[in-house]
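The next block holds one structure in the form of structure tokens; read it before the comments.
Just so you know, these numbers use all the heavy atoms, side chains as well, and skip hydrogens, waters and symmetry mates. The model shown is predicted, which means the values in this text are computed figures rather than measured ones. Sequence lines set the chain letters: A, B, ... in the order given, protein chains first and strands last, and positions in each chain run from 1.
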Number of protein chains: 2
Amino acid sequence: MSSSRRGHRERLVYETAQQLRRAGVTGTGLRRVVSDAGAPRGSLQHYFPGGKDQLVGEALQWSGTWAAARVMHHVDRMRRPTPSRLFAAIVDEWAADLDARDFSRGCPVAASVIDCADTNDTVRRAADAALETWRRPITEALVEMGRPRRRAERLSTLMLCALEGALVVARARRDTTPLGLVARELAPVLDA
Amino acid sequence: MSSSRRGHRERLVYETAQQLRRAGVTGTGLRRVVSDAGAPRGSLQHYFPGGKDQLVGEALQWSGTWAAARVMHHVDRMRRPTPSRLFAAIVDEWAADLDARDFSRGCPVAASVIDCADTNDTVRRAADAALETWRRPITEALVEMGRPRRRAERLSTLMLCALEGALVVARARRDTTPLGLVARELAPVLDA
DNA sequence: GCCGGACTATGACAGATGTCATACTAGCGG
DNA sequence: CCGCTAGTATGACATCTGTCATAGTCCGGC
């Protein structure tokens with residue numbers, strides 16, 4: 001039936017994204033993805049004839065649009081939006097996720113870049129695209145807040161850099177304070 | 001002879017660190033490490049009875065002390081040291097490395113954290129330790145420049161977060177500008 | 001009723017992984 | 001010369017990987 005069809009396909013994409021967050025690309029086994037997704041193994045071959053690359057690519061794309069949606073959600077929720085508040089909202093959500101999942105999951109995009117930047121250009125491109133998908137709504141929000149477009153581009157990049165790095169350091173330490181730290185320290189730069 | 005002994009052992013550690021930078025922990029195969037290091041396969045078993053975990057652990061430790069040495073080198077070279085100049089020096093060196101190696105290699109510590117934070121606590125701890133080894137000389141330099149210790153701790157963490165994140169973004173884009181960007185944008189915060 | 005397409009099931013494949021057991025070589029001290 | 005130890009060599013092990021071939025099931029349309 002078409003409901004389980006869509007169910008299985010997107011379950012696989014979602015579960016792949018989660019595995020990427022846990023163990024990176026190389027550490028993500030398709031058999032485990034299938035079993036954790038509760039999907040039949042045959043669905044892999046059926047929905048993703050492009051193999052693992054296609055699956056990982058779609059997982060990254062999904063992650064990018066999901067992150068973008070979260071950004072827009074935060075923007076909508078803020079009564080008096082400022083760049084630093086937007087950044088704080090994004091960072092806080094990640095910190096809560098790290099806490100809730102005991103630092104087991106990071107950013108799927110970062111994981112893919114680190115694993116594949118030199119070994120798999122298809123995946124690298126997908127990660128790059130996901131990053132841009134994520135960054136765009138941030139840039140737009142900053143423009144909305146009165147920053148010149150050129151400046152907004154720089155600031156959104158700065159935010160993502162600081163966030164990605166803080167995620168790595170936080171997971172290494174098993175301590176979310178680096179996330180709060182970058183949010184706090186970047187505030188004056190973002191709001192200047 | 002004892003020269004080749006030391007030679008083989010540290011060659012293996014070094015080569016492992018390089019592979020970590022390329023492909024992460026899971027993507028680093030011991031057979032390839034051995035062959036790229038030009039070392040006999042039997043040496044693995046001989047020098048690293050603890051297996052892959054030990055090898056990766058020592059590679060991370062080596063990377064940490066190497067990075068720390070680079071920091072101290074930069075500090076020594078600066079006539080009128082400021083936090084932002086130190087950060088710029090560190091960042092520039094990474095940017096040059098990315099360029100020279102065509103974005104093929106990132107930070108071994110970040111790679112290990114992302115691959116193993118949830119799957120291998122031994123490696124995660126080694127990565128955490130390496131990060132601290134790296135951060136310490138930065139903190140000390142900042143103290144030397146007149147920052148209160150508490151503040152220096154925060155700033156050194158901020159630097160590493162921004163750097164690690166910029167490395168990921170730069171490798172995704174195959175473009176080093178994010179590195180220069182974080183250096184430039186963080187300057188006022190660092191020097192305040 | 002039955003044909004055709006979408007989906008699933010399962011097993012096999014070649015290759016790579018980390019680890020271990022075993023045997024070998026060299027060199028040094030007795 | 002013998003024995004000991006550090007280092008090397010090599011092959012085998014079980015396990016896991018992604019991929020593919022094949023056959024099966026289900027269901028709507030003719």
Side-chain angles (χ1 to χ4, degrees), chain A residues 1-13 15-20 22-60 111-112 115-116 118-124 126, chain B residues 1-20 22-60 111-112 115-116 118-123 126:
Chain A
M1 58 187 94
S2 89
S3 84
S4 86
R5 163 192 188 163
R6 241 190 209 140
H8 283 160
R9 195 188 198 285
E10 68 184 26
R11 247 186 249 253
L12 285 169
V13 172
E15 187 58 35
T16 301
Q18 300 309 313
Q19 292 290 331
L20 290 180
R22 272 190 7 113
V25 176
T26 326
T28 292
L30 296 190
R31 284 163 173 87
R32 165 139 188 202
V33 167
V34 152
S35 96
D36 283 18
R41 223 181 84 201
S43 295
L44 264 189
Q45 178 168 187
H46 188 70
Y47 293 115
F48 307 94
K52 191 180 187 180
D53 281 7
Q54 182 187 352
L55 184 59
V56 169
E58 294 202 26
L60 289 172
S112 303
D115 275 8
C116 297
D118 187 52
T119 57
N120 189 332
D121 203 57
T122 306
V123 169
R124 193 221 99 226
Chain B
M1 61 186 93
S2 87
S3 86
S4 85
R5 162 193 188 162
R6 239 191 210 141
H8 284 159
R9 195 188 199 285
E10 69 184 26
R11 246 184 248 254
L12 285 169
V13 172
Y14 172 82
E15 187 57 35
T16 300
Q18 300 308 315
Q19 293 290 331
L20 291 181
R22 272 190 7 113
V25 177
T26 327
T28 293
L30 262 24
R31 284 164 173 85
R32 165 140 188 202
V33 167
V34 152
S35 95
D36 283 18
R41 224 182 83 198
S43 294
L44 265 189
Q45 179 167 186
H46 189 70
Y47 292 116
F48 307 95
K52 192 179 187 180
D53 281 7
Q54 181 186 353
L55 184 58
V56 169
E58 294 201 25
L60 288 173
S112 304
D115 276 8
C116 298
D118 187 52
T119 56
N120 189 332
D121 202 57
T122 307
V123 169

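- The shortest distance between the side-chain N/O atoms of B/His46 and the OP1/OP2 oxygens of D/dA6 is not below 4.0 Å.
- Rounded to the nearest 0.5 Å, atoms CG (B/Leu30) and CZ (B/Phe48) are 9.5 Å apart.
- Close to D/dA6, at under 4.0 Å from its OP1 or OP2, lies no side-chain N or O of B/His8.
- Between B/Ser43 and D/dT8, a side-chain N or O to OP1/OP2 separation shorter than 4.0 Å is present.
- Between B/Val25 and the choices B/Leu20, B/Asn120, B/Asp53, B/Thr119, the side-chain contact (heavy atoms from CB on, under 4.5 Å) rule is met once, by B/Leu20.
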If the sugar-phosphate is the primed atoms plus P, OP1 and OP2 and the base is the rest, what is the B/S/- string for nucleotides 14-25 of chain C, using protein heavy atoms under 4.0 Å?
-> ---BBBBB----
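- A heavy-atom distance below 4.5 Å is not found between the side chains of A/Gln18 and A/Arg22.
- Listed here is the closest heavy atom pair of B/His8 and B/Ser43: ND1-OG, 4.3 Å.
- Residues A/Val13 and A/Tyr47 form no side-chain contact, since every pair of their non-hydrogen atoms from C-beta on lies 4.5 Å or further apart.
- One N or O on the side chain of A/Thr28 and one on the backbone of A/Gln19 form a donor-acceptor pair closer than 3.5 Å.
- A straight line from CZ of A/Arg11 to C1' of C/dT8 spans 15 Å, rounded to a whole angstrom.
- With rounding to the nearest 0.5 Å, the separation of CZ in A/Arg9 from CG in A/Leu44 is 10.5 Å.
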Strand DNA chain C in bracket notation, Watson-Crick/G-U under 3.5 Å with | for pairs to another chain = ||||||||||||||||||||||||||||||
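- Atom CG of A/Asp115 and atom P of D/dG18 are 13 Å apart (whole Å).
- In this structure, B/Pro49 and B/Gln54 have side chains that are in contact, with non-hydrogen atoms separated by less than 4.5 Å.
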